[in-house]
Protein chains: 2
Amino acid sequence: MENVFGDHADVVELLWGLREPPSRGPKPTLSVERIARVAMGIADTDGLAAVSMQRVAGELDVTKMALYRYVSGKPELLAAMIELAAGDPPDLSGVPGGWRGKLEEFVRRLAIVWRQHPWLPWSTLGDRPMGPRELGWIESAISALAGTGLTGEEQLDAVFILFGLIRNTQSMSTAGTQPWDADKNVKPLMQELLHRYGDRFPALTAATTGTTCSSRDNGREFGVHRYLDGLEALINQRASDGTRPEAGRKPA
Amino acid sequence: MENVFGDHADVVELLWGLREPPSRGPKPTLSVERIARVAMGIADTDGLAAVSMQRVAGELDVTKMALYRYVSGKPELLAAMIELAAGDPPDLSGVPGGWRGKLEEFVRRLAIVWRQHPWLPWSTLGDRPMGPRELGWIESAISALAGTGLTGEEQLDAVFILFGLIRNTQSMSTAGTQPWDADKNVKPLMQELLHRYGDRFPALTAATTGTTCSSRDNGREFGVHRYLDGLEALINQRASDGTRPEAGRKPA
DNA sequence: GTAAACTGTATCCATCGGACGCTGTGTAGG
DNA sequence: CCTACACAGCGTCCGATGGATACAGTTTAC
């Protein structure tokens, strides 16, 4: 059995550097890294929807079919883009403040990368083969929770939820994955609607009146604070339950 | 100024029932509601990507251009689909357990709807005009937080974060918005990779060993529990700070 | 030196969303 | 009643998308 990676063999080989360079034939004028870099630039400026094979090829001064010599198709190109844009995972070992300080720093670092590449958090949804850089980010966050008394499964859940928190509070304005034109500001529109039909939404009307209703962080600070508070409560409970909680023990 | 709704005037008029029926001309054989229902069915079974004008028209036994008499384009069709699939917002007034019980019930209800329409949570991202049903869901959640001492902005943040939590723990298998084929199980692939390069990811390896590693809820229960714990801490703090100390639990 | 391997190109295809114009039909005003 | 207008549905065309295939040029291994 040669194909240990199943249907994603090509993507895995590409991401994990298992491609063997060709021995004969002309020198390649391109490289996967260069293609991915151009595609990443397009996605950064014009959104993920603007990344087409033709445009990427055009910016590289080749025909679009030339790209298929390096990537098997668009999914593989996207995988290369993700791995490139993720960048090197952060090293949180020197961050003070215990697990919470480390996670807060992790949130900051991740938010910076995701702000530079707004398409990135929405491309990493769903089950798919991950590359070493991307796995390194998860490793970085998990390692912050090592020794907290949480089980392995809880650590994975906690980190997964944290990723989702940042993802959902990311600005959607330049993601470019939605059919809506992000330029238009919809908030005055919704305010007009609330003003017309406010009697049908009393709680919402009450909540929106008196707020600045703009230029917020989509509740990221609020959400992360609340979530880490809850996580801290669990960790403290674990610490007070057993003097030495081991992984694998089933909690109540 | 006739157009008070800006560039989204057509969508808003459609969603909020401001369309005037024509007086003359042949009887329409279709309706926006019927079109949206068929499109919703396609998205439910084959994913959002399978919804094309041609296919929707084909299942209605008309040409695709006939649909443009009812919806101005695909964004408007999607808006109608969202509003239809959202369904009637839940009434949580009779749910016991205070704000937390109501929100937990809200999570349950929302998860049910989103499980029936896996494409729905990912279509509702970004700023866009919302319909009355969708706004009703937000109203329902906000009303659960009324009287908790949270400010309006905090209520909005809290609900927004809650939506995101459920969205991110939704199964992606049938969303149909991703280029990856969701059928393939990637987990054994990642386990193989972790087994090969485990030394580069020690914390991750430690966290995954010993866990069942499958058939989880993507951490939804964990995340919601942690988040609501944190929210409860804030609400209790507000209650003890404020002038009116209501019946609340002691903050941790 | 030759053949195999490899690169890039050109052509072709199906499908997508959408614009435009046409024909037929039904109601409203005279 | 009858005609004019407004609306429904259809056919045709367009540009862009991802992708398959066949072919010409180039470089290395034997």
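Given the structure is predicted, the values throughout are model-derived calculations rather than measurements. All heavy atoms count here, side chains included; hydrogens, waters and symmetry mates do not.
- Side-chain contact between A:D10 and A:L14 is absent, with no heavy-atom pair separated by less than 4.5 Å.
- Ring geometry for A:W16 against B:Y197 counts as parallel: the plane angle stays under 30°, on a 0 to 90° scale with 60° as the upper cut.
- Of the two residues contacting DNA chain D, namely B:A66 and A:S52, the nearest-nucleotide position lying further toward the 5' end is that of B:A66.
- Residues B:F222 and B:T169 fail the side-chain proximity criterion, which asks for heavy atoms closer than 4.5 Å.
- At whole-Å resolution of the value, CG in A:L48 and P in D:dT17 are 14 Å apart.
- B:V51 comes within contact range of the sugar-phosphate backbone alone, with a heavy-atom separation under 4.0 Å but no base atom that close.
- A heavy-atom distance below 4.5 Å is not found between the side chains of B:L77 and B:Y68.
- When side chains are defined from C-beta on, B:L125 counts as touching A:W122, because their heavy atoms get closer than 4.5 Å.
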Filtered N/O pairs between nucleotides 27-30 of chain D and protein, under 3.5 Å:
| unit_1 | atom_1 | unit_2 | atom_2 | d |
| --- | --- | --- | --- | --- |
| D:dT28 | O3' | A:S23 | O | 3.3 |

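- Residue A:Q54 has a polar side-chain atom (N or O) positioned under 4.0 Å from OP1 or OP2 of D:dT17.
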Are any protein N/O atoms closer than 3.5 Å to N/O atoms in nucleotides 18-22 of chain C? If there are, list each pair with its distance.
| unit_1 | atom_1 | unit_2 | atom_2 | d |
| --- | --- | --- | --- | --- |
| C:dG18 | OP2 | B:Y68 | OH | 3.4 |
| C:dG18 | OP2 | B:K74 | N | 2.9 |
| C:dG18 | N7 | B:K64 | NZ | 3.1 |
| C:dG18 | O6 | B:K64 | NZ | 2.8 |

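- Residues A:L15 and A:I82 fail the side-chain proximity criterion, which asks for heavy atoms closer than 4.5 Å.
- Just one residue in the list A:D44, A:T124, A:D46 forms a side chain to side chain donor-acceptor pair (under 3.5 Å) with A:W119, and that residue is A:D44.
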- [ ] Would you please test B:R220 and B:Q170 for side-chain hydrogen bond (donor to acceptor under 3.5 Å, both in side chains) and show each step?
- [x] CA-CA 8 Å; B:R220 166 173 305 173; B:Q170 191 76 23; 3.2 Å; yes

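- Following rounding to the nearest Å, A:L30 (CG) and D:dT26 (P) show an atom-to-atom distance of 17 Å.
- In this structure, B:R55 places its CZ atom 17 Å from C1' of C:dG17, rounding to the nearest Å.
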